[in-house]
Amino acid sequence: MSARKRRLAIIGNGMATCRLLDELERRGGFDRFEIEVFGEEKGGAYNRVLLGKVLAGDAPDAIVTKPAAWFAARGVRLHDGAAVRRLDTAGKRVETADGEAHRYDLAVLATGSQPRVPALDGILVEGGELRAGVFVYRTMDDCLRMRAHARPGDAAVVLGGGLLGLEAAKVLSDAGLHVTVVHAARTLMNAQLDELGGEMLERQIEGHGIFVRTGRTIEAVLGEASVEGVRLDDDKVLAADMLVLACGVRPRTDVARASGLPINNGIVVNDTLATEASGVYAIGDCAEHAGRTYGIVAPAWEQAAVLADVLTGANPQARYHGSKTYTRLKVAGVDVASMGRIDPELERDEVIQVVETRRGSYRKLIVRGTELVGAMLVGNTGAAAALVQALDRGEPLPDDPLEALCPNARFDAPACADRLICNCNAVPESRLRAAIAAGATSVDELGLATRAGTGCGSCKTELARLLNQAAAAPVAKLAAAG
Ligand SMILES: Cc1cc2nc3c(=O)[nH]c(=O)nc-3n(C[C@H](O)[C@H](O)[C@H](O)COP(=O)(O)OP(=O)(O)OC[C@H]3O[C@@H](n4cnc5c(N)ncnc54)[C@H](O)[C@@H]3O)c2cc1C
């Protein structure tokens, strides 16, 4: 075998690439490959999930996961600020927008997603740019631009009442802006929550001082040089000094398309994450596997691990079989979890709901026989980890499924002794307890040891709870002995 390192080109320097590099390093991949990463965004890699922190005023560095020095220290060549135009898959060259060509033996497309921009009257100016004051919410630059534009007392309209829209709305409202969320569906977060869940969420969000208009959309963006307002489809005009578009994303397939690769919604890959072109793979938001694109981080990270196994030969038989998706997050200050079905599908599906109007909490299970097929929790997500586990493993629910909604009830203890605590990184409780036993004493140390909490961070309170429990254990034992 030749001793020459193979040239591995990675297109995109986002969250999937960041994880792929870690997975390659773990498997000795840096000794096998000469790696070049092409990233259109300037600077190192960052945790996109935490962009809300930068929008809220944190320094950009706070969310950087791999600064340029990380690449330099490992001999990985980072071309930052370099947009790739296409791959010449016959000649095996990466062609960048500035006209350069770089040879590769293997290439990975990890180009992510791009925000949908609806065709609203007045949204674009001549040249096809967004009108001043209109923003998308995808990159560090988007956040820095929004921050520079937003002033306390200004009016902001957010189009889209999904996760991203509500997150942006909360940050802007906390910064002192008058915020209205306009959402086309009848209720908020309708992809993850049923109508009652969406209504409960709306009430809580309004409680934070954010105005919500559901069942409405924007017809026109008004203003001359910069946005001054929006006209809704009921002809009402809302004053707006800024408009944030949060209307969903679509996979970025421009490089793949220019390279002649098969594309449906995303770049089509098989179970080894390979595209039809030999030596070209795709992972993350841009990839479509078995007819599905994901747009969230956990699948991207699972794909990165499989691809690293395949490319390094650590496990050539590794295959990606799709990801189960769960949503568990703090939406504009409200805890929300959603998994599986949001409404019953079959006549025999049973629905169990607990509504606490005063506490603003709503919990719902959809049960088929003894099996959980869907759950949603708004305002009280204590049962989420056990429910994810039950859904994931098809574990039977207790005879009284209501017990499954109470985290400390019988169901939680024996059946789910090894609950999944960090969904993004698939870290079970047992691994966290082992890390604590091995000396981890803080949430950060648990993250270093197990990766838990390093994705969306919504499990950090549970990590702290486990640490506190472990710290209290000797005292409890002593007290019992005394
Ligand atoms: C504000 C926000 C909050 C989010 N919150 C969550 C959350 O709570 N939970 C969750 O699971 N997911 C969340 N997501 C989604 C998550 O960030 C994505 O699923 C994840 O980033 C996907 O990783 P990726 O590497 O595929 O794409 P990205 O991270 O988008 O990286 C793709 C990179 O490729 C670059 N690129 C594209 N084309 C080219 C080209 N031609 N040449 C060079 N470079 C190129 C892009 O500029 C980008 O830097 C959130 C996203 C946003 C924007």
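Read the numbers this way: they start at 1 and go in the same order the structure lists the ligands and their atoms.
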Considering the heavy atoms of A110, write down every atom of ligand 1 situated less than 4.0 Å from one of them. 32 (C), 33 (C), 34 (O)
To the nearest 0.1 Å, how far is atom 31 (O) of ligand 1 from its closest protein heavy atom, and which atom is that? G14 CA, 3.2 Å
Stepwise, does the side-chain contact (heavy atoms from CB on, under 4.5 Å) test hold for D22 with K66? CA-CA 10 Å; D22 287 340; K66 287 193 184 359; 2.7 Å; yes
So between G12, C456, C18, whose heavy atom ends up nearest atom 35 (C) of ligand 1? G12
Using a 4.0 Å cut-off to any heavy atom of A83, which atoms of ligand 1 qualify? 42 (N), 43 (C)
L467 vs L446 side-chain heavy atoms within contact, under 4.5 Å: yes
Can you tell me if A300 has a non-hydrogen atom under 4.0 Å from ligand 1? no
What atoms in ligand 1 come closer than 4.0 Å to a heavy atom of V297? 10 (C), 11 (O), 12 (N), 19 (O)
When every non-hydrogen atom of L109 is compared with those of I11, the smallest separation belongs to CD2-CG1, 3.6 Å
The protein heavy atom nearest to atom 2 (C) of ligand 1 is L164 CD2, 3.2 Å
Any nitrogen or oxygen of E167, side chain or backbone, less than 3.5 Å from one on ligand 1? no
Please identify which atoms of ligand 1 are closer than 4.0 Å to at least one heavy atom of G112. 26 (O), 27 (O), 30 (O), 32 (C)
I need the nearest protein heavy-atom contact for atom 53 (C) of ligand 1: residue, atom name and distance, please. Y137 O, 3.7 Å
Considering both backbone and side-chain atoms of V84, is one of its nitrogen or oxygen atoms within less than 3.5 Å of a nitrogen or oxygen in ligand 1? yes
Tell me, do V76 and F30 make a side-chain contact under 4.5 Å, heavy atoms counted? yes
For residues M189 and M376, determine if any side-chain heavy atom of one lies less than 4.5 Å from a side-chain heavy atom of the other. no
Looking at atom 18 (C) of ligand 1, what's its closest protein heavy atom, distance included? D285 OD2, 3.5 Å
List ligand 1 atoms under 4.0 Å from G295, heavy atoms only on the residue side. 15 (C), 19 (O)
SB check R257 D254 (cutoff 4.0 Å): no
May I ask you to list the atoms of ligand 1 that are less than 4.0 angstrom from any heavy atom of T111? 32 (C), 34 (O), 37 (C), 38 (N), 39 (C)
CG of N423 to CD of Q389, rounded to nearest 0.5 Å, is 9.5 Å
Look only at interatomic distance and state if G284 has a nitrogen or oxygen under 3.5 Å from any nitrogen or oxygen of ligand 1. no
Would you kindly say whether T96 and D98 are connected by a side-chain donor-acceptor distance under 3.5 Å? yes
Which residue and heavy atom of the protein sit nearest atom 6 (C) of ligand 1, plus the separation: V49 CG2, 3.6 Å
Considering distance alone, does some N or O of R48 sit under 3.5 Å from an N or O of ligand 1? yes
List ligand 1 atoms under 4.0 Å from A82, heavy atoms only on the residue side. 42 (N), 43 (C)
Measure the CZ-CD distance between R465 and E462 for me, rounded to the nearest 0.5 Å. 5.5 Å
Within-cut-off N or O pair, I11 and ligand 1, under 3.5 Å: no
As a quick check of understanding, evaluate side-chain contact (heavy atoms from CB on, under 4.5 Å) for V388 and L391, giving each step before the final call. CA-CA 5 Å; V388 164; L391 190 76; 5.9 Å; no
Does S173 reach the main-chain N or O of V179 with its side chain, forming a donor-acceptor pair under 3.5 Å? no
To the nearest 0.5 Å, atom CG of D343 lies from atom CG of L193 at 10.5 Å
To the nearest 0.5 Å, what is the distance between OH on Y104 and CG on L87? 4.5 Å
Once you restrict to heavy atoms under 4.0 Å, what part of R252 touches ligand 1? Side chain, backbone, both or neither. side chain
With the threshold set at 4.0 Å, does a side-chain nitrogen-carboxylate oxygen contact exist between R27 and D309? yes
A168 touching ligand 1 at heavy-atom level, < 4.0 angstrom: no
If you count the atoms of ligand 1 from 1 in the order shown, which ones are under 4.0 Å from a heavy atom of A16? 23 (O), 24 (P), 25 (O), 26 (O)
Nearest heavy atom to atom 46 (C) of ligand 1, choosing from E41, R19, Q303, R138, belongs to E41
Name the closest protein heavy atom to atom 44 (N) of ligand 1, giving the residue it belongs to and the distance to 0.1 Å. E40 N, 3.0 Å
